[in-house]
Amino acid sequence: MERNIMMAGFGGQGVMTMGKLLAEATSQATDLAVTFFPSYGAAMRGGTANCFVVISDDEIGAPVSYSLEDLIVMNGPSLHAFINNVKPGGNLFINSTIVTDPIERDDITVIEAPVTQMAIDMGNERALNVIMLGVYVGFTQAVPEEVIIKGIEHKFEKKPKLIAPNVDAFQKGLEIGKAARK
């Protein structure tokens, strides 16, 4: 099993944090091989940001692949830039609060989640990435959900008041991902 995942959006949407959390939690809590490869645009907030995560039960040959099983897009420009990199039969995860363009491919599975609006409704605008990570894990089951929960606990161990809201955000995303799987 090898999953090539790309997460893409604007700086400030937590794309790198989402990828890093998935990669670190998976490497710390499983025996799977993992790589994380970030790519930053020229600007921090508002600039482009994307990262690659590869999860495998075997050695990983390259940390970057443009032949993706899974693509997570948090904004429209990322959708247009990377949609053709998803393999037929792959999965496209869309932040449907922001990305409203029609998807013209019929050979991939599209999972839409209004993660920006959900984060606003939760009163935690910065949690949109954690919600989307929940959608991803809930749908793909690429790693056990407990792995990410432990990763959230570890990431916020110095800010314990942030653990519960982020676990809650992740679980809300899990619900969407699991429902889309059915």
Side-chain angles (χ1 to χ4, degrees), residues 1-10 13-30 32-39 49-57 60 63-75 78-79 82-83 85-87 89-99 103 105 108-119 122 124 126-155 166-182:
M1 177 275 310
E2 181 171 297
R3 292 193 88 95
N4 288 284
I5 309 143
M6 180 183 206
M7 301 169 184
F10 290 134
Q13 289 183 304
V15 170
M16 298 302 175
T17 301
M18 182 175 20
K20 201 171 191 181
L21 179 58
L22 176 61
E24 288 179 352
T26 302
S27 71
Q28 291 172 358
T30 72
L32 298 170
V34 182
T35 62
F36 168 76
F37 191 87
S39 176
N50 62 69
C51 64
F52 296 87
V53 176
V54 180
I55 301 172
S56 179
D57 54 8
I60 296 171
V64 175
S65 172
Y66 287 97
S67 180
L68 305 167
E69 279 78 29
D70 305 309
L71 172 62
I72 299 171
V73 293
M74 302 296 275
N75 62 15
S78 296
L79 172 68
F82 304 115
I83 189 169
N85 296 2
V86 181
K87 293 177 183 178
N91 303 305
L92 173 63
F93 297 84
I94 296 176
N95 174 3
S96 62
T97 306
I98 295 174
V99 181
I103 306 304
R105 289 187 59 182
I108 59 176
T109 301
V110 178
I111 301 91
E112 297 183 22
V115 296
T116 298
Q117 189 59 53
M118 290 174 69
M122 290 177 67
N124 188 3
R126 297 184 65 179
L128 71 145
N129 59 340
V130 179
I131 297 169
M132 184 58 91
L133 186 55
V135 174
Y136 176 77
V137 170
F139 185 81
T140 65
Q141 300 180 316
V143 296
E145 53 196 71
E146 301 80 34
V147 166
I148 303 301
I149 292 171
K150 285 181 185 175
I152 291 169
E153 291 168 348
H154 177 73
K155 177 173 179 41
N166 279 283
V167 168
D168 184 46
F170 176 70
Q171 289 173 331
K172 286 187 183 338
L174 278 173
E175 292 172 18
I176 293 171
K178 288 177 181 178
R181 191 175 63 224
K182 296 177 182 173

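- For Lys155, the NZ atom sits in a loose shell: 12 or fewer heavy atoms of surrounding residues, nucleotides or ligands are nearer than 6.0 Å.
- Here the closest heavy-atom approach between residue Gly151 and residue Ala25 is recorded as CA-CB, 3.9 Å.
- Minimum interatomic distance between Asn166 and Ala127 (heavy atoms only, all atoms of both residues): OD1-CB, 4.5 Å.
- Minimum interatomic distance between Met132 and Phe93 (heavy atoms only, all atoms of both residues): SD-CB, 4.1 Å.
- Between Val137 and Val143 there is a side-chain heavy-atom pair separated by less than 4.5 Å.
- Inter-residue side-chain proximity for Leu128 and Met74 is flagged as met; some heavy-atom pair is nearer than 4.5 Å.
- Contact check for Leu21 versus Ile152: side-chain heavy atoms found under the 4.5 Å cut-off.
- Here CG of Asn95 is found 10.0 Å from CD of Gln117. Values are rounded to the nearest 0.5 Å.
- Taken to the nearest 0.5 Å, the CG atom of Leu22 stands 6.5 Å off from the OH atom of Tyr136.
- Here the side chains of Leu92 and Leu79 are in contact, with some heavy-atom distance below 4.5 Å.
- The distance from atom CD1 of Ile149 to atom CD of Glu146, rounded to the nearest 0.5 Å, is 6.5 Å.
- Residue Ala23 comes nearest to Thr35 through the heavy atom pair CB-O, 4.4 Å, listed as atom of the first residue, atom of the second, then distance.
- Ring geometry for Phe52 against Phe37 counts as tilted: the plane angle lies between 30° and 60°, on a 0 to 90° scale.
- Listed by chain and number, the residues in a side chain to side chain contact (heavy atoms under 4.5 Å, CB included) with Asn129 are Thr17, Met18 (sequence neighbours excluded).
- Ile72 places none of its side-chain heavy atoms less than 4.5 Å from the side chain of Met6.
- Looking at Arg3, its side chain never comes within 3.5 Å of a backbone N or O of Ser56 through a donor-acceptor pair.
- Contact of the Ile55 side chain with the Met1 side chain is registered, since non-hydrogen atoms from C-beta on lie closer than 4.5 Å.
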Could you pull out every donor-acceptor pair under 3.5 Å between side chains of residues 167-182 and any protein atom, sequence neighbours left out?
residue, atom, partner, partner atom, Å
Lys178, NZ, Glu145, OE1, 3.0
Arg181, NH1, Gly138, O, 2.4

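- The nearest pair of heavy atoms linking Thr97 to Val115 is OG1-N, 3.7 Å.
- Taking the side chain as every heavy atom from C-beta outward, Ile98 and Gln13 approach each other to under 4.5 Å.
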Does the side chain to side chain contact (heavy atoms under 4.5 Å, CB included) test come out yes or no for Asp70 and Asn4, once each step is laid out? CA-CA 6 Å; Asp70 305 309; Asn4 288 284; over 6 Å; no
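- Contact between Val15 and Phe10 at its shortest, heavy atoms only, is CG2-O, 4.4 Å.
- Residues Leu71 and Met7 have side chains not in contact (no heavy-atom distance under 4.5 Å, counting atoms from C-beta outward).
- How far CG of Asn91 is from OG1 of Thr140: 7.5 Å, rounded to the nearest 0.5 Å.
- Residues passing the side chain to side chain contact (heavy atoms under 4.5 Å, CB included) test with Ser27 are Val34, sequence neighbours excluded.
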